[in-house]
Amino acid sequence: MLDIPDHLQRSLGVGAVEEATFIEKSFEEFAYRDGVRFANGREILLQGLRCGQRVEVLSLDSEESESELPTGVSIPVDWPVL
């Protein structure tokens with residue numbers, strides 16, 4: 001993740017640029033459950049990230065998605081603020 005906002009850096013104990021892993025926090029229906037886990041073990045739901053948060057995909061770990069996206073491609077993330 002790139003350009004992590006100061007308030008998230010402080011609350012999550014991370015820097016401005018961190019490697020994170022996409023996670024599914026629960027299998028509960030009709031609930032927010034997708035997020036990221038940082039190397040320090042801290043997690044945040046995607047809805048907790050700012051609109052326009054920049055990420056760089058380093059690896060796709062699914063056999064189904066292999067070669068759909070070249071390694072190192074930056075994807076601007078633009079979720080609506082609810």
Side-chain angles (χ1 to χ4, degrees):
M1 293 183 61
L2 309 167
D3 303 325
I4 299 171
D6 291 337
H7 74 280
L8 289 179
Q9 291 180 46
R10 287 189 299 275
S11 66
L12 296 168
V14 297
V17 176
E18 291 283 337
E19 189 168 316
T21 303
F22 182 81
I23 59 169
E24 189 169 1
K25 290 183 64 99
S26 79
F27 296 106
E28 186 178 335
E29 293 184 27
F30 310 111
Y32 296 127
R33 57 186 178 197
D34 296 329
V36 293
R37 178 180 300 127
F38 295 97
N40 66 3
R42 300 292 304 269
E43 299 175 351
I44 186 170
L45 290 171
L46 296 182
Q47 289 74 19
L49 300 174
R50 71 173 182 190
C51 188
Q53 177 67 55
R54 294 188 321 135
V55 299
E56 183 176 355
V57 177
L58 300 177
S59 172
L60 296 174
D61 197 14
S62 170
E63 291 179 26
E64 294 175 7
S65 58
E66 195 170 313
S67 77
E68 287 180 16
L69 187 69
T71 300
V73 171
S74 291
I75 302 174
V77 180
D78 193 14
W79 292 289
V81 176
L82 302 175

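In what follows, residues are counted from 1 in the order of the sequence shown. Computed from a predicted structure; not experimentally measured.
Salt-bridge annotation for Glu43 and Lys25: present, with a side-chain N of the basic residue lying under 4.0 Å from a carboxylate O of the acidic one.
In terms of heavy atoms, Val36 sits closest to Met1 at CG2-SD, 3.9 Å. Taking both residues in full, the closest heavy atoms of Asp3 and Val17 are given as N-CG2, 4.4 Å, listed atom of the first, atom of the second, then distance. In plain terms, the two heavy atoms of Pro5 and Arg50 that are nearest each other are CG-CD, 3.7 Å. Residues Leu12 and Asn40 come closest through the heavy atom pair O-ND2, 2.9 Å.
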Exercise for the section: Tell me, with the steps shown, if Tyr32 and Leu46 meet side-chain contact (heavy atoms from CB on, under 4.5 Å). Expected result: CA-CA 8 Å; Tyr32 296 127; Leu46 296 182; over 6 Å; no
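Among residues two or more places apart in sequence or in another chain, the salt bridge (charged side-chain N to carboxylate O under 4.0 Å, His left out) test is passed with Arg42 by none. Residues that satisfy the side-chain contact (heavy atoms from CB on, under 4.5 Å) test with Thr21, not counting sequence neighbours, are absent from this structure.
Although no hydrogens or angles enter the test, the distance criterion places no donor-acceptor pair under 3.5 Å between the side chain of Glu18 and the main chain of Leu2. Put simply, the side chain of Asp34 never gets that close to the backbone of Gln47: no donor and acceptor are under 3.5 Å apart. Arg33 places a side-chain N or O within 3.5 Å of a backbone atom of Glu28 that can act as its donor or acceptor partner.
Within 6.0 Å of the CD atom in Glu19, the count of heavy atoms belonging to other residues, nucleotides or ligands does not exceed 12.
Residues Val55 and Ile23 are members of separate hydrophobic clusters, defined by side-chain heavy-atom contacts under 4.5 angstrom among Ile, Leu, Val, Met, Phe, Trp and Tyr. By the rule that hydrophobic residues join a cluster once side-chain heavy atoms approach within less than 4.5 Å of another member, Ile44 and Phe22 end up as members of one cluster.
Atoms CD and CD1, from Gln53 and Ile4 in turn, are 6.0 Å apart once rounded to the nearest 0.5 Å.
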